[in-house]
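Proteins come first, then strands; the chains are lettered A, B, ... in the order of their sequence lines, and each starts at number 1. Excluded from the calculations below are hydrogen atoms, water molecules and symmetry mates; all remaining heavy atoms, backbone and side chain alike, are included.
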Number of protein chains: 2
Amino acid sequence: MSDGPDAMVRRRRLAPEARREQIVDAAVCYFAEVGLSGTTRDLAKRAGITQALLYQYFRSKADLLEAVFARVYLDRMSPHWPALITDRSRPLRERMLTFYAEYSGAIFSYEWLRIFMAAGLAGEALNRRYLDHVRDLLLAPLLEEIRFAARHNAQPEMEDLWNLHGGIIYLGIRRHIYHLPTPDDVMPVIERAIDRFLAGFAIGERA
Amino acid sequence: MSDGPDAMVRRRRLAPEARREQIVDAAVCYFAEVGLSGTTRDLAKRAGITQALLYQYFRSKADLLEAVFARVYLDRMSPHWPALITDRSRPLRERMLTFYAEYSGAIFSYEWLRIFMAAGLAGEALNRRYLDHVRDLLLAPLLEEIRFAARHNAQPEMEDLWNLHGGIIYLGIRRHIYHLPTPDDVMPVIERAIDRFLAGFAIGERA
DNA sequence: TGTTTAATTGGTCAAATGATCAACTACGGC
DNA sequence: GCCGTAGTTGATCATTTGACCAATTAAACA
């Protein structure tokens, strides 16, 4: 057992902010991997600190999980998406492609998808709040845009948009929840799905 | 505290088969609701038996979970689906509608979706096996059928079919994992999705 | 460099949990 | 009606786990 100079993991005192960040980072990674019922001890071991220290920064495990949720969800929702979606100076197809490129880039991560799904199973209210947000601020405006573009044809309903959305999200679920092989680049698949969707409402036939 | 004659819950001896069935039934319901990390004590309480009795029928909790998985998955996959999908005496659209009506009827259940998702998060190999099954026995033949029907047009890829499939499954996920409101009757949504899909490959324009 | 502050730790407690076992009792056979 | 088999139970053990606390020590400051 040679303790090289680098192997020395002496106790390091960090600024509270930095330490807290480090704990939340490790917690996001840990709980995404093992599920929300992972133990504080294992988490501490992985974070390279003692279990007791967790309780210096969080009152309880539930409190820590709150921080994990906040970290995972916050700032994944770009504030410029609503404006992007409703910007009629750009073709609708282009807006949708840009939006879903950015959206999938934001949430197709191992941590996000697994923690989101685990939170859903655990009955966390956060899921519903997040998806209400998606519906009200993203899909509802998008529906309006599509309806406007298809104003002389069949009109899509919100459920049709959820269907498009779900087909795209399912790519991430297959990859990160089920560990199934998926294309490295998801955009071609998403692009074809969007084109089929728009064509289904006779949009973009000649424009 | 009156112990009415009906309130008497004396120990009842059941045939081993029946008891085992009863335990698995209760376990499916229980673990679907609270997740795979639910406790054997709570499960026993809900099943109306003592915790020790569980270990008369199952060597361990993992063993019991195996039985739960088997119960949930077995016989959800109708053996006539492959034949239905490849039956070219019927129009492709009709086959797809029939298949997805039966498929969604089979798996859009609280227990199935939640246990399947929990198993995915827990890294159970079962998920991958099941989805390989779906791909090889259902989606691959279906892809062949669609390609044949679209043989003079653009050809879909397997990823396009996963996209269609995912959009449909997402309905169940929204309902049972996220507890979001969804249409009581899912078939109209599914029907429109299938029609958009087929139209995207110029199928059914005149046939 | 000595002092102070608070970040960090090892140790510990109480409750929860998977698993086991001897004892009890319901049911079928005589 | 009695008996033996086996289904069922309460009690218990060994770990695990969330949470806490006094003691320790690294960093900031004079």
Just the rounded figure in Å: distance from [atom2] of [N] to [atom1] of [X].
X	N	atom1	atom2	value
B/Q56	C/dA22	CD	P	13 Å
B/L65	C/dA19	CG	P	10 Å
B/D42	C/dT17	CG	P	7 Å
A/L54	D/dA19	CG	P	10 Å
B/K61	D/dT16	NZ	C1'	13 Å
B/Q22	D/dT8	CD	C1'	12 Å
B/F58	D/dT8	CZ	C1'	16 Å
B/K45	D/dG10	NZ	P	13 Å

Exercise for review: Output yes when a side-chain donor or acceptor of B/R114 lies under 3.5 Å from a complementary backbone atom of B/G35, and no otherwise.
Suggested key: no
Looking at B/T40, I'd like to know whether one of its side-chain N or O atoms comes within less than 4.0 Å of OP1 or OP2 on C/dT17.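 B/T40 to C/dT17 OP1/OP2: no side-chain N or O under 4.0 Å.
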For a quick test of reading the model: is some side-chain N or O of A/Y55 closer than 4.0 Å to OP1 or OP2 of D/dC20?
no
Minimum-distance nucleotide to [X] side chain [options: [options]]:
X	options	value
A/A52	D/dT8, C/dG11, C/dT8	C/dG11
B/R19	D/dA19, D/dT8, C/dG18	D/dT8
B/R41	D/dT12, C/dT20, C/dT9	D/dT12
A/Y57	C/dT12, C/dC21, C/dT8	C/dT8
B/L53	C/dA19, D/dG18, D/dT9	D/dT9
B/I49	D/dT9, D/dG18, D/dT8	D/dT9

Answer with yes or no after comparing the ring centroid distance for [X] and [Y] against a 6.0 Å cut-off, counting only values under it.
X	Y	answer
A/F116	A/Y73	yes
A/H165	A/Y103	yes
B/W112	B/Y130	yes

I'd like to know if the side chain of A/T86 pairs up with that of A/R95 as donor and acceptor (distance under 3.5 Å, no hydrogens or angles considered). no
